[in-house]
Number of protein chains: 2
Amino acid sequence: MLYAGVMSAALPPFPTPEESHDAPQLLQVAPSPEEPCLRADAARNRARLLEAAARLIAEHGVAGVTMEAVAAAAQVGKGTVFRRFGDRTGLLMALLDHSDRQLQADFLGGPPPLGPGAPALDRLRAFGVAVLYRSAEQLDLQLAAQPEPTRRFSHPAIGARRTHIAVLLRQIVPDADCDLLSQTLLASLDPALIHHQHRQRGMPMERLEAGWTDLVARVTRTEPPPR
Amino acid sequence: MLYAGVMSAALPPFPTPEESHDAPQLLQVAPSPEEPCLRADAARNRARLLEAAARLIAEHGVAGVTMEAVAAAAQVGKGTVFRRFGDRTGLLMALLDHSDRQLQADFLGGPPPLGPGAPALDRLRAFGVAVLYRSAEQLDLQLAAQPEPTRRFSHPAIGARRTHIAVLLRQIVPDADCDLLSQTLLASLDPALIHHQHRQRGMPMERLEAGWTDLVARVTRTEPPPR
DNA sequence: CAAATAAACGGACCTCGGTCCGGATCGTAA
DNA sequence: TTACGATCCGGACCGAGGTCCGTTTATTTG
């Protein structure tokens, strides 16, 4: 389990203030237009908390990330953790934030086929594969960071992915209900599903990758790629 | 919110003993071959607990279903609740058990197009629609009964549905990776997804139904039905 | 019917997520 | 530099899920 990415994600002092779980923004990419910019001590504590959480994960796994433990490790009061991140999943999602932004930057402005420049169909294929492997790398954290079912699709990062898929789909199958189809496609990349297929049913990642490619071909009614 | 179905589910003294959450049986239908058959007092308490839980839901919503409250309402010790149902989700899933069996009986042996007799494609369409509306009716309970991500696909009832979809798919697109496709299709019927589309994004159920029909057509590479 | 054994019971107890509010700190403006 | 208000901090506190184990009860066997 390599949590190096997670560690680095903890370092930038970008604030994700406590109001982070409602803004229905469609496409986030920068640390949001202009954050209320935390007070100096708040920003410092935020960074220490993320770092402490990452350290706890590295040492004791996700299960070891107790709100009290994180607070203690960061030498901070428990209330501070909740003030900053709202709840446990908020903290864990913040740990994934860096990697979320990375992915988003890649498919919004990175090199093809993930980024713009390639045909939409190729971008869609590449997107799924990217999400697949990214999730597989951080599966434990991804699973633990899943909020209760009611909010599972409310996270901005998820919304951004859905929108991206929908945009691509509209270029390929303009007549379809792309808003709906995009959700379905995204659901097939759910970390819990990956966990079940890969770990519980033992399917190799290559098969999941092929499954995604095939699914995209079927849904778009195009020929499967030669492989 | 009609919980009549739930109430009636509480009545049959069928035991679902504490070992119910691992048996990887492919198709359950009866109350399992021969349950270890609970002791008389245990069966009685089980029934009282289910009844109490259903009553609490009817009165205070799912949020009112506290393990202690259920125990108290059933005039039983808290430990007994956990012994019987393992954990909270176990209790809530037990409440859905009756409706699960009903659905299963319908698609395994009921009248077409859900049951055998109709072409596989029609059965697949009907299956999705059935699951869709059934879930919509009990959304709150369905959402609350979702276990942590790790076990979300381990429930026997889910496995049965997956298998059923896979069987149908194999008759329609024998060359596809039906085991994988079936999971994807099932994922698009996830209660959390329905909740998000229908309640949070305001899509009418008819649109979700059309979405399923369209998805099935695309995935099987068949013509969409005339409507 | 009585003794023996396995199963079930109950509730005290623990942990952990989440809340609350009096007090400390930071940023700012005079 | 000082004063002031907004923001933040901390940890006591609460509720609910889950565990444990001494006690009770159903069932079986002689």
Going by heavy atoms closer than 4.0 Å, what residues in residues 71-81 of chain A are next to DNA chain D?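 Nucleic-acid contacts, sorted: A/Val76, A/Gly77, A/Lys78, A/Gly79, A/Thr80.
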Interatomic distance, [X] [atom1] vs [N] [atom2] [rounded to whole Å]:
{"X": "B/Phe85", "N": "C/dC9", "atom1": "CZ", "atom2": "C1'", "value": "15 Å"}
{"X": "A/Phe82", "N": "C/dT19", "atom1": "CZ", "atom2": "P", "value": "7 Å"}
{"X": "B/Met67", "N": "C/dG10", "atom1": "CE", "atom2": "P", "value": "14 Å"}
{"X": "A/Arg46", "N": "D/dT7", "atom1": "CZ", "atom2": "C1'", "value": "17 Å"}
{"X": "A/Arg48", "N": "D/dC8", "atom1": "CZ", "atom2": "P", "value": "16 Å"}
{"X": "A/Leu91", "N": "C/dG18", "atom1": "CG", "atom2": "P", "value": "11 Å"}

[X]: salt bridge (Lys or Arg N to Asp or Glu O under 4.0 Å) partners, not counting sequence neighbours:
{"X": "B/Arg123", "value": "none"}
{"X": "A/Arg199", "value": "A/Asp140"}
{"X": "B/Arg201", "value": "none"}
{"X": "A/Asp179", "value": "A/Arg162, A/Arg170"}

Partners passing side-chain hydrogen bond (donor to acceptor under 3.5 Å, both in side chains) against [X] (at least two apart in sequence or in another chain):
{"X": "A/His198", "value": "none"}
{"X": "B/Thr184", "value": "none"}
{"X": "A/Gln102", "value": "A/Asp106"}
{"X": "A/Arg48", "value": "A/Gln75"}

Any sub-3.5 Å donor-acceptor pair from B/Gln200's side-chain atoms to A/Thr150's backbone N or O?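 Yes; judged by distance alone, with no hydrogens or angles, the pair exists.
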Parallel, tilted or perpendicular, judged at 30° and 60°: which one describes the rings of A/Phe107 and A/Phe127?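 Correct class here is perpendicular.
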A/Arg84 vs D/dC9: side-chain N/O to OP1/OP2 distance below 4.0 Å: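 Yes, because at least one side-chain N or O of A/Arg84 sits under 4.0 Å from OP1 or OP2 of D/dC9.
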Respond yes when some side-chain nitrogen or oxygen of A/Asn45 is under 4.0 Å from OP1 or OP2 of D/dC8, and no when none is.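 No, outside the criterion.
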With the sugar-phosphate defined as primed atoms, P, OP1 and OP2, and the base as all remaining atoms, what B/S/- string results for nucleotides 22-30 of chain C, 5' to 3', for protein heavy atoms under 4.0 Å? ---BBS---
Closest-nucleotide 5' rank along DNA chain C - winner of B/Glu68 and B/Ala42: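 The residue closer to the strand's 5' end, by nearest nucleotide, is B/Ala42.
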Which atom pairs, donor and acceptor, lie under 3.5 Å between side-chain atoms of residues 58-74 of chain B and protein residues at least two apart or in another chain?
{"unit_1": "B/Glu68", "atom_1": "OE2", "unit_2": "B/Lys78", "atom_2": "NZ", "d": "3.2"}

What nitrogen or oxygen pairs link the protein and nucleotides 28-30 of chain D at under 3.5 Å?
none

